[in-house]
**Student:** 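I have a structure here, written as structure tokens, and I will follow up with some questions on it.
Scope of the values below: all heavy atoms of this structure, side chains included, with no hydrogens, waters or symmetry mates. Residues: numbered from 1 along the sequence shown.
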Amino acid sequence: MKPNKTSKKEARHISLVYKWIGGVLMIIAASFAIFTATIYSVVNQEFLRQQTSSSQNVVQTFRSRLVKVNQRLTVSNVVPILSPNTERILQGEAGVKRSTEDDDKGEDVVNDPVLAVLSNKDLHITIYNDRGEIAFTNDNHPQLLSKVKKAKRSQVVNTSSGKVLRSKAPIYSQRSHKLTGYLVVDNTMPAYNKVMKRLRRGIFIWAFIALLLSAIASYALIISFVRPIKLMSKVARKVDEQPDSSDRIPDLHRRDELGDLSVAFNHMLDRMQAYIQQQKQFVGDVSHELRTPVAVIQGHLNMLERWGKDDPKILDESIKASLQETDRMKYLIQEMLDLTRAEQVDVQFPHAVTKVSEVVKRVVGDMRMLHKDFLIQLDIDNLPADTQIKMYNNHLEEILIILIDNAVKYSTNRKEVDVSASVSKKRVDLVVQDFGEGISQDDLQKIFNRFYRVDKARTRAKGGNGLGLSIAQKLTTAYHGEIKVESAVGSGSRFELSFPLLEK
Ligand code: ADP
């Protein structure tokens with residue numbers, strides 16, 4: 001089937017690195033933008049508020065003079081009214097002289113507010129008459145009235161040299177209340193323009209530095225997260241291709257969740273491979289164990305077919321031998337089933353309770369009956385009669401039978417088995433000791449493995465198949481118990497069991 005458009009889209013692989021860095025940069029850029037926009041707007045508004053207020057003062061100063069003119073504003077009536085000193089200065093005379101009768105308030109040149117405004121190169125004053133003709137200006141490039149007529153009382157205008165605060169006021173004659181002209185004050189606000197320019201430049205530079213630094217820092221951080229994940233997926237892929245691969249995640253030297261995950265991951269692989277290996281081994285061992293009896297039965301049947309039908313001796317021998325082998329097979333299959341069941345006991349008997357002394361006495365009694373030539377001693381002096389453990393009693397019986405049976409099977413000259421049971425430190429200890437052939441140190445590690453037999457030929461002759469101890473161990477650990485063995489070749493073996501005591 002052809003992949004459709006959506007599945008193609010889903011399949012696109014985007015590295016965590018890009019997603020993380022993209023996310024971090026977006027968050028930082030957004031926070032930076034909000035933060036700087038707030039600062040910028042506060043500074044801008046505060047600055048403009050101050051500038052607007054000083055422009056309004058200027059408008060007020062000029063208007064208070066211009067309202068005194070009763071006709072249309074012209075050069076000849078505006079200049080004298082603004083200030084006699086101004087007129088003098090504009091005519092190129094010295095202005096330091098005290099003004100006389102023309103000056104309404106008797107101001108001198110130094111204190112004349114109109115002159116102070118006119119000598120300020122940042123303030124451009126233009127006075128128009130009601131027809132839009134310029135009656136006065138100190139602006140090198142005055143605007144046409146038609147252009148500024150629509151302007152609000154005070155507004156910021158963008159020009160090539162920066163922002164200009166333009167304030168406009170109509171002038172009405174004080175006496176006739178007629179419109180005589182317009183006053184326009186352009187405040188070029190150099191300080192404002194300079195500060196705002198520096199602020200903008202600063203914001204861009206710092207935004208760039210902040211984004212660059214956070215990109216570097218988040219890259220370093222995400223790489224340190226992604227590296228172990230990449231290692232894990234590499235190892236997982238390798239093990240997927242080669243299930244018995246010994247590849248593992250190397251020590252990450254980190255004490256965090258990723259470190260824990262890599263340890264758990266390696267542990268899981270070890271367990272999984274051991275389990276697979278065990279299964280393989282089990283299947284191999286079972287087929288090997290079953291092959292011999294099947295081959296024996298087949299051999300006898302062949303013999304019967306050729307000569308045995310008429311020879312009662314061969315017939316009898318072959319049938320006996322075949323029955324013996326089928327018995328072995330039945331026993332083997334039963335033990336294999338026991339082994340499988342032993343792994344699931346905790347689910348099957350969650351509430352079972354066993355009185356230890358009863359079971360021990362019963363098993364020892366049975367074994368004494370079966371092996372009359374053996375001295376089987378029982379020591380339960382340190383076992384209170386009502387001692388109990390959480391266990392299904394048939395299972396304790398089964399474990400003891402396996403151990404005592406082995407002790408008998410692998411005894412040599414001294415036909416004695418000592419069994420004891422006692423309670424100490426909230427545990428119940430059981431011991432089965434013999435004085436037989438013993439087990440070498442090498443074999444001690446392996447006797448609990450399935451199908452392991454120290455001497456294959458000999459134990460087979462004794463009826464062993466190497467499953468007894470592994471069943472005993474599975475059952476013991478299923479009930480949270482422990483099984484240990486100590487042995488010396490030629491002197492005997494001592495198997496110790498220990499189970500948690502069930503307290504009343
Ligand atoms: P088997 O059915 O062969 O006895 P087990 O699992 O019970 O299987 O025991 C595994 C092997 O451990 C035996 O084949 C035997 O070699 C050795 N073994 C077990 N118990 C004893 C013992 N008490 N003394 C010496 N060897 C023992």
Side-chain angles (χ1 to χ4, degrees), residues 1-45 158 195-284 343-344 346-347:
M1 210 176 75
K2 268 189 182 175
N4 59 25
K5 233 180 174 178
T6 37
S7 69
K8 246 187 197 171
K9 213 174 181 183
E10 275 167 11
R12 216 172 70 192
H13 180 274
I14 302 170
S15 168
L16 269 183
V17 177
Y18 299 124
K19 286 184 188 166
W20 171 271
I21 294 182
V24 167
L25 290 191
M26 251 153 64
I27 291 169
I28 290 183
S31 337
F32 200 87
I34 293 169
F35 178 71
T36 49
T38 312
I39 299 228
Y40 188 85
S41 123
V42 168
V43 172
N44 186 42
Q45 276 172 18
N158 284 316
V195 167
M196 295 318 275
K197 196 174 163 188
R198 277 172 64 180
L199 194 60
R200 276 195 301 274
R201 200 188 302 149
I203 286 171
F204 281 117
I205 292 173
W206 282 110
F208 179 73
I209 293 174
L211 287 179
L212 190 72
L213 287 182
S214 31
I216 294 171
S218 56
Y219 180 76
L221 195 68
I222 189 66
I223 281 293
S224 82
F225 292 154
V226 167
R227 202 179 70 91
I229 297 175
K230 277 189 170 170
L231 276 174
M232 270 176 234
S233 59
K234 194 176 144 197
V235 171
R237 254 178 281 136
K238 192 82 194 278
V239 174
D240 185 34
E241 282 165 17
Q242 269 182 297
D244 55 350
S245 155
S246 61
D247 274 31
R248 294 291 181 270
I249 302 165
D251 190 356
L252 298 174
H253 301 293
R254 53 191 304 161
R255 288 170 164 225
D256 56 13
E257 287 82 351
L258 282 171
D260 296 348
L261 179 63
S262 71
V263 171
F265 188 83
N266 284 346
H267 192 67
M268 182 195 75
L269 286 182
D270 289 345
R271 283 282 296 269
M272 210 181 70
Q273 287 182 342
Y275 188 68
I276 295 171
Q277 188 54 37
Q278 239 179 358
Q279 289 301 106
K280 266 192 201 167
Q281 181 80 31
F282 186 62
V283 173
E343 285 167 4
Q344 301 159 2
D346 44 350
V347 202

**Student:** Would you check if V24 and L221 make a side-chain contact, meaning some heavy-atom pair closer than 4.5 Å?
**Tutor:** no
**Student:** Just do the side chain to side chain contact (heavy atoms under 4.5 Å, CB included) check on L269 and M272 with the steps written out, would you?
**Tutor:** CA-CA 5 Å; L269 286 182; M272 210 181 70; 4.2 Å; yes
**Student:** Please determine if D260 and R255 form a salt bridge, counting it only when a charged side-chain N lies under 4.0 Å from a carboxylate O.
**Tutor:** no
**Student:** Any donor and acceptor pair, going by atom type alone, linking the side chain of N266 with main-chain N or O of I249 inside 3.5 Å?
**Tutor:** yes
**Student:** Count the heavy atoms of every other residue, nucleotide or ligand shown that sit under 6.0 Å from OH of Y219, and state whether that count exceeds 12.
**Tutor:**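 Incorrect, the count does not exceed 12.
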**Student:** Looking only at heavy atoms, which two atoms of F265 and M232 are closest? And how far apart?
**Tutor:**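 Minimum heavy-atom separation between F265 and M232: CZ-O, 3.7 Å.
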**Student:** Check the surroundings of atom CZ in R254: do more than 12 heavy atoms from other residues, nucleotides or ligands lie under 6.0 Å from it?
**Tutor:**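 More than 12 heavy atoms, drawn from other residues, nucleotides or ligands, come within 6.0 Å of this atom.
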**Student:** Taking C-beta and beyond as the side chain, do L252 and L231 meet within less than 4.5 Å on heavy atoms?
**Tutor:** yes
**Student:** Only one of L211, I27, I203 passes side chain to side chain contact (heavy atoms under 4.5 Å, CB included) with F32; say which it is.
**Tutor:**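 Looking at L211, I27, I203, the match for F32 under the side chain to side chain contact (heavy atoms under 4.5 Å, CB included) is I203.
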**Student:** Are side-chain heavy atoms of W206 and I209 found at a separation under 4.5 Å?
**Tutor:** yes
**Student:** Does the side chain to side chain contact (heavy atoms under 4.5 Å, CB included) test come out yes or no for T36 and L199, once each step is laid out?
**Tutor:** CA-CA 10 Å; T36 49; L199 194 60; over 6 Å; no
**Student:** Give the C-alpha distance, both sets of side-chain angles, the deciding distance and a yes or no for side chain to side chain contact (heavy atoms under 4.5 Å, CB included) between D244 and Q242.
**Tutor:** CA-CA 6 Å; D244 55 350; Q242 269 182 297; 4.3 Å; yes
**Student:** Is a side-chain donor or acceptor of Q273 paired with a backbone partner of S246 at a separation under 3.5 angstrom?
**Tutor:** no
**Student:** Just verifying a value: how many Å separate S224 OG and D256 CG, rounded to the nearest 0.5 Å?
**Tutor:**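 Result: 8.0 Å between the selected atoms.
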**Student:** Roughly how far apart are R227 CZ and I222 CD1, rounded to 0.5 Å?
**Tutor:**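 Nearest 0.5 Å value for the CZ-CD1 distance: 13.5 Å.
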**Student:** To the nearest 0.5 angstrom, please state how far the CG atom of D270 sits from the CD atom of Q277.
**Tutor:** 13.0 Å
**Student:** Got a second to check how far S262's OG is from H267's NE2, nearest 0.5 Å?
**Tutor:**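 Here the interatomic distance stands at 13.0 Å.
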**Student:** What is the distance from atom OG of S218 to atom CG of L25, rounded to the nearest 0.5 Å?
**Tutor:** 5.5 Å
**Student:** Within the structure provided, determine whether L258 and I229 are in side-chain contact (heavy-atom separation under 4.5 Å).
**Tutor:** yes
**Student:** Between atom CE of M196 and atom CG of N44, what is the distance when rounded to the nearest 0.5 Å?
**Tutor:** 4.0 Å
**Student:** Looking at M26, I'd like to know if its CE atom is crowded, meaning that more than 12 non-hydrogen atoms belonging to other residues, nucleotides or ligands lie closer than 6.0 Å.
**Tutor:**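 Check fails, neighbour count at 12 or below.
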